[in-house]
Amino acid sequence: MRQSSSPPRIKGGLPWWLWLLLSVTTIAVLTGVIISSTPDDPQELYDEAISRLNSGDVKVPTENLAKLSQVDAFKWQAKYLEGMLAFRQVRDPLALKLLAEIPDGHELKPEALKKMGDAYRRTHQYKESLKAYEQAVALATDNSIDASVALSGMYIGIGANQLAQQVLDNALAKDPKNTVALQARAMSKAAELRYVDAVADFRQFLSTPGEFAAATPGMMSDYAQAILKANDKELIQQVVDEHLELFEAAHQKMELLIAVGRLDTAATMTSPDAPSPNTPGESQNQTPPVQKMLVLIEIERGEWKKAAILIRPLLTILPRDTQVFEMATRIYEALEDGPRLAIAQENLKQLQDLEAELLAGMKKAGNNIDDVDSRVVVAQTFMKLGVFDKAMLWHSIAATLDAQYTEEATKAALGTTYPGTPLVEFPDTPETSDASQQKSESSESSAPKEPVKTPEETAPEQEAGNKSSEAAEGKPAETTEESAKKSE
């Protein structure tokens, strides 16, 4: 009988199939060792580092930088990454030094200049920041508009609204749906009192319930002012019907309600059951803006005598408010009070003349970043109109651009130039005398009791967008690295 042979064996006594298995395993291990010893792909390292850095991580970017530094072909990517890390760590002088080394013509030069603009702005070097942003915009070859939005924010921050709009027009030609750019342009137009044009921009990013719900209180306030000034009845009605709860200020809610004829609802905003105001210790029916709306309600009702009683203290509390004197003119004309009508009309005329001067000054400053004198004129005119916050803003802009105006800005900050009387005063009556105490209280809230911040602390970034360079990353005024953030 034939016996089966045993499996073939290789010298050493192991079956052939076991030797084959060991050989394959050895090859796989050796291959893995070879692959693992191969350097990481430098482009992947760089892309990962930038992505992680933008999300706030510095550990992985630092590790990847060490690897990239060993790859000659990625010398400038490593330099840029090192500069970005320094910026993230608020080491601005180092960031500026590293980013400035990126050579002209390199694809990263526009981004390096944009980030240099951010660093210069954060260190209050505004002229250098503008120059860096302008160079970044000029060199940009793709559809990225980050640098354009950042530059527009700086322009808005120093009152150069026309220059800002030119930059934003070009940016929106590349990216028509960019919400940050549209918002910046809308606010720039509103600053020039071009409310109809501003509304057109607002409507492009405030149309759906989700967009309204995501809007900041400041944005909603700006939108309400624009549609009220433009007298867009359709949009006002839509806001009242669908989005009134999104507004924080009682007087603004009241004005929107009055505009669509809901006078009784507006009047109840000052009742004891009305929502509490935002400012602690402030009563809804004691704030001058709310008092103005109460006057307007009585005017719309045709209750002229009631309106006359309500407006008397406002003539003292808000002695340079155009809306107050517009209402006063209507009231005294309806009551046929000739002497008071003449005084109200003269005040209104002079206030409107000042507003015309204001617009002329803003227009002159709007396309010239070096015209400091026009900015001082705008600041002084705002002060004559009793608009203290905007007066201080423009004084700070002037002092930032030219230090010789610092002293005037400081005087304005102390409230020494704040007007306390109408341009043409009414005869002293018991009613106006009784209002003097209210006026003093209002003035205390309008003009500061102690010096405001220095021009360096109130400089252009607070107005833009801060709406400035961070606009580029989604929030018009702070850099992405700074932002967790505001608006203005």
Side-chain angles (χ1 to χ4, degrees), residues 23-123 125 128-129 131-133 135-151 175 469-475 478-485:
S23 299
V24 171
T25 303
T26 301
I27 292 170
V29 170
L30 290 173
T31 301
V33 171
I34 293 171
I35 292 174
S36 64
S37 64
T38 302
D40 295 305
D41 178 76
Q43 187 63 53
E44 291 181 2
L45 286 172
Y46 174 76
D47 292 342
E48 180 188 34
I50 294 298
S51 176
R52 291 294 193 94
L53 196 60
N54 288 338
S55 66
D57 177 24
V58 296
K59 183 176 182 293
V60 171
T62 301
E63 293 172 350
N64 289 8
L65 174 61
K67 298 175 183 179
L68 283 172
S69 298
Q70 300 175 20
V71 183
D72 289 341
F74 275 71
K75 172 184 177 181
W76 298 117
Q77 284 88 341
K79 185 71 68 175
Y80 176 76
L81 177 57
E82 188 179 2
M84 292 286 286
L85 273 166
F87 182 87
R88 164 68 71 178
Q89 295 163 343
V90 198
R91 301 164 66 192
D92 292 313
L94 177 60
L96 288 166
K97 176 182 179 298
L98 294 168
L99 294 169
E101 293 178 20
I102 306 296
D104 294 339
H106 194 279
E107 62 181 357
L108 287 173
K109 188 64 175 182
E111 287 297 320
L113 286 165
K114 158 64 174 59
K115 193 56 60 177
M116 288 175 67
D118 294 344
Y120 279 128
R121 183 183 60 79
R122 193 161 65 183
T123 53
Q125 301 177 73
E128 291 83 355
S129 179
K131 183 178 179 181
Y133 286 144
Q135 291 175 333
V137 170
L139 291 176
T141 56
D142 56 15
N143 288 332
S144 174
I145 66 170
D146 288 357
S148 295
V149 176
L151 175 60
D175 187 0
S469 93
E470 199 37 25
E473 273 94 10
K475 297 167 177 143
E478 300 182 338
T479 60
T480 302
E481 294 71 17
E482 295 170 349
S483 81
K485 143 145 188 187

Any idea which heavy atoms bring [X] and [Y] closest together, and the distance?
X      : Y      : value
Ala78  : Leu65  : O-CD1, 3.3 Å
Ala49  : Pro61  : O-CG, 3.4 Å
Lys114 : Ala136 : N-CB, 3.8 Å
Asn64  : Leu45  : ND2-O, 3.0 Å
Ala112 : Ile102 : CB-CG1, 4.0 Å

Pairwise side-chain contact, [X] with [Y], heavy-atom cut-off 4.5 Å (strictly under):
X      : Y      : answer
Leu99  : Tyr80  : yes
Arg121 : Tyr133 : yes
Tyr120 : Lys131 : no
Leu81  : Leu53  : yes

Residues [X] and [Y] bridged, charged N to O under 4.0 Å:
X      : Y      : answer
Asp104 : Lys109 : yes
Glu63  : Lys59  : yes
Lys115 : Asp118 : yes

Short side-chain to backbone donor-acceptor contact, Ser129 and Gln125, under 3.5 Å: no
Polar side-chain atom of Thr123 near backbone of Ala119 as donor-acceptor pair, under 3.5 Å: yes
How long is the gap from [atom1] on [X] to [atom2] on [Y], to the nearest 0.5 Å?
X      : Y      : atom1 : atom2 : value
Leu139 : His106 : CG    : NE2   : 13.5 Å
Arg52  : Thr62  : CZ    : OG1   : 11.5 Å
Asp41  : Glu48  : CG    : CD    : 11.0 Å
Ser51  : Glu44  : OG    : CD    : 13.0 Å

Summary of salt bridge (Lys or Arg N to Asp or Glu O under 4.0 Å) pairs that have at least one residue in residues 72-81, sequence neighbours excluded: Lys79-Glu101
Distance-only donor-acceptor hits, side chain of residues 89-96, under 3.5 Å, sequence neighbours excluded:
residue: Gln89; atom: OE1; partner: Arg91; partner atom: NH1; Å: 3.3
residue: Asp92; atom: OD1; partner: Arg122; partner atom: NE; Å: 3.4
residue: Asp92; atom: OD1; partner: Arg122; partner atom: NH2; Å: 2.6
residue: Asp92; atom: OD2; partner: Arg122; partner atom: NE; Å: 3.1

